[in-house]
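First comes the structure, then the notes that go with it.
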2 protein chains.
Amino acid sequence: MEKVTIATVAERAGVSRQTVSNVINTPEVVRAETRERVRAAITSLGYRVNQAARQMRTGRSRLIAVRIESGSDGINGSVLDRFLHGLTDAATLAGYRVMLYTAADDADEIATYDDLLTAHDLDGFVLTSTHHGDPRTSWLAARDVPFVTFGRPWGAPDTHSWVDVDNDAGTLAATKHLLKAGHRRIGFLGWPRGSGVGDARRTGWAAAMTAAGLDVTGLSVAVIDGVDSGAEAAGRFPDDLTAVVCASDSLALGALRALPGRAVIGFDDTAVAHAIGLTSVSQPLAEAAARCMHLLTELLDGRAPATSTQLLLPPSLVVRQTA
Amino acid sequence: MEKVTIATVAERAGVSRQTVSNVINTPEVVRAETRERVRAAITSLGYRVNQAARQMRTGRSRLIAVRIESGSDGINGSVLDRFLHGLTDAATLAGYRVMLYTAADDADEIATYDDLLTAHDLDGFVLTSTHHGDPRTSWLAARDVPFVTFGRPWGAPDTHSWVDVDNDAGTLAATKHLLKAGHRRIGFLGWPRGSGVGDARRTGWAAAMTAAGLDVTGLSVAVIDGVDSGAEAAGRFPDDLTAVVCASDSLALGALRALPGRAVIGFDDTAVAHAIGLTSVSQPLAEAAARCMHLLTELLDGRAPATSTQLLLPPSLVVRQTA
DNA sequence: CGGCATCATTGGATCGATCAAGTTGCGGAT
DNA sequence: ATCCGCAACTTGATCGATCCAATGATGCCG
């Protein structure tokens, strides 16, 4: 198992180092015959490019970074994990590898960017959990670091590429499903106003109700996410309510407990929903991850479109026993 | 934002490159006064070591790799995700970064090792999901690649360091808890024989029953993991059964459905257990991850103990409504 | 006061790839 | 016959760190 470098291959194939490099990076400039000879040498020796050496010369590492959330391992934490799985697969296919990092808050995360960029020459980032006034995107944009966000830039202009799931459409479809089943008094159990995602999910429900000519007064309840808080809040709905659309599976679980017999639909289609037969809105996470990676590689390989791209993916309703 | 290299720092501090390198890597050989001057220059310039350059010279990357499971996003998939979170935290603390990869099977995974080692100079691996006749450990050992497994080497001798959770102790504690509550006819709902983990979990239950002088004949049922399969299998228990210890939360969920009113205890303390109030055995995943990282850094920094280390961590019982 | 060991620091070579500039060979136009 | 252009390939320099051998400074002793 001697060390196999580009020089070893060159010697074996009877050419210079540069020609081997050309075969690898710009095959079209090498004569077909020579190219094959070099390729044969590469495979017979089991040669692989040393990324560190390449990186030092080119300044590119073929590495992208994603944050993995530290705590928050509740019911909903798994959503980001599923996204991460999809991203790792997509990155591998595109010839990139994924590096993980954790960060306590936005400032900490920005400090980590700095470290990853200077120490490891990271090529790009995929950000999750975007929110109002997010300082991360502007920091990266100011330094011309390629990045894509999973989640739209709430409140900010669309200056970068992003992929998001159409939350409105999700609750809209869920509400329509309930309307079709004959429900008229349908409540919405969501989060306090201010989170873009939560507000969008409420909007979809309201739109479906209004379109059906129904009054929504007193049918919307807001509470911090959680099973217990959801159960408590669900008690505040009017007695004649027959169905509830929820902003998360946690809340839906609470609603199920507080309002037995009523129709309930959750959001995110987590393992819990699957396990207990909860109807839920499912986000196409694997596809979202693949799209993010695709947009990012476009940026990285320089064939980026002149303008940034925004993608809104439709979620789907997974109908189970609870609705 | 000019590029800051070791030469920039050297110039600013009025010393040579090598002295700066010494301050970073072997501070004790530099005179205190010089050391401080160099350190001041480093911070004022915001200098950070270029890992690619360091790596090329030293052959070490300060990178470790962990496999992320592709599919299997059921209830139990989250266990490995939680381990991954813990590992990322621990690695960051130890000055390492985590790189992800996926693999379809053991052979594919070994091919990935080869690629990661030659292309990225990975320093070490943390393996999960060890099993009987695992070819990965011997491949790595044959090449002197540092690695630690989360999961013992089932059936093979303890030639490498590993961390595992004491599965026997988990079901033993669960069963004792039920015995204390007055139950006498306690069943075990587990997986088919052959998986080390599953067999160990059955052993713990059997040991507690035998110690209490109880007969276990006909009280053990084996089935492939899943909620539905668990529910179906739970129907095969004798009618006088009052409690069930399960090898997973999925099975426990099935048991709860098939045997309403009976006491049920699951395993892994997943989000589902938390959400529906299922009593479950909880694995100390964050601690396991930290221990793995600790063992691995010992190997990497050359201060490895002469013999390999094995750690068996005790799980804990999280008592909720179902038992 | 010269000799010599010890400590602190320096300068050149090196890791393995790519970049930039140069060389060779060959056909076609002048 | 000479020159030009182009394709195909080669050579030396370079990225930013660390290794290694050598140098200068300092102190101690006979």
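We use all heavy atoms of the structure for the numbers below, so side chains are in, but hydrogens, waters and symmetry mates are not. Being a predicted model, the structure only gives us computed values, none of them experimental. Below, chains carry the letters A, B, ... as their sequence lines are ordered, and counting in each starts from 1.
In this view, R12(A) and S44(A) satisfy the side-chain hydrogen bond (donor to acceptor under 3.5 Å, both in side chains) rule, not counting sequence neighbours. Scored by the side chain to side chain contact (heavy atoms under 4.5 Å, CB included) test, D108(A) finds A103(A), A104(A), D105(A), T112(A) as partners (sequence neighbours excluded). Remark: I110(B) pairs with Y113(B), P135(B), R136(B), W139(B) by the side chain to side chain contact (heavy atoms under 4.5 Å, CB included) rule, at least two apart or across chains. In terms of the salt bridge (Lys or Arg N to Asp or Glu O under 4.0 Å) criterion, D158(A) has no residue partners (sequence neighbours excluded). Scored by the side-chain hydrogen bond (donor to acceptor under 3.5 Å, both in side chains) test, T34(A) finds no partners at all (sequence neighbours excluded). With sequence neighbours excluded, no residue forms a side-chain hydrogen bond (donor to acceptor under 3.5 Å, both in side chains) with Q51(B). For T88(B), there are no side-chain hydrogen bond (donor to acceptor under 3.5 Å, both in side chains) partners at least two apart in sequence or on another chain. Not counting sequence neighbours, the partners of S195(B) by the side chain to side chain contact (heavy atoms under 4.5 Å, CB included) test are W191(B). Shown here are the ring pair (Phe, Tyr, Trp, His ring centres under 6.0 Å) partners of Y47(B), two or more places apart in sequence or in another chain: there are none.
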Could you go over nucleotides 8-12 of chain C and give all protein N or O partners under 3.5 Å, atom names and distances?
unit_1, atom_1, unit_2, atom_2, d
dT9(C), OP1, R31(B), NH2, 3.3
dT9(C), OP1, T34(B), OG1, 2.3
dT9(C), OP2, R31(B), N, 3.2
dT10(C), OP2, S16(B), N, 2.6
dT10(C), OP2, S16(B), OG, 2.9
dT10(C), OP2, T19(B), OG1, 2.9
dG12(C), N7, R17(B), NH2, 3.3
dG12(C), O6, R17(B), NH2, 2.9

Can you name the atoms? Protein N/O to nucleotides 23-27 of chain D N/O, anything below 3.5 Å, with the distance.
none

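One can place CG of D121(A) at 15 Å from C1' of dT18(C), the figure rounded to the nearest angstrom. In this structure, CD1 of I6(B) is placed 11 Å from P of dC19(D), rounded to the nearest angstrom. The distance between atom CD of Q55(A) and atom C1' of dT14(D), rounded to the nearest whole Å, is 16 Å. N25(B) has its CG atom 15 Å from the C1' atom of dC20(D), to the nearest Å.
Nucleic acid contact class of R60(A) (heavy atoms, under 4.0 Å, all strands): none.
Distance from the side chain of T5(A) is smallest to dG16(C) among dT18(C), dG16(C), dT18(D).
Regarding contacts with the backbone of dT18(C), every side-chain N or O of T58(A) stays at 4.0 angstrom or more from both OP1 and OP2. For the pair N50(B) and dC15(D), the criterion of a side-chain N or O lying under 4.0 Å from OP1 or OP2 is not met. Taking side-chain N and O atoms only, R57(A) has no distance below 4.0 Å to OP1 or OP2 of dC19(C).
End-to-end axis angle of the helix from dC1(C)-dG30(D) to dT30(C)-dA1(D), from C1' rotation axes over five pairs per end: 70° (rounded to 10 degrees).
T137(B) and H160(B) form no side-chain donor-acceptor contact under 3.5 Å, judged by distance and modelled atom types alone.
Around CZ of R152(A), the count of heavy atoms belonging to other residues, nucleotides or ligands within 6.0 Å exceeds 12.
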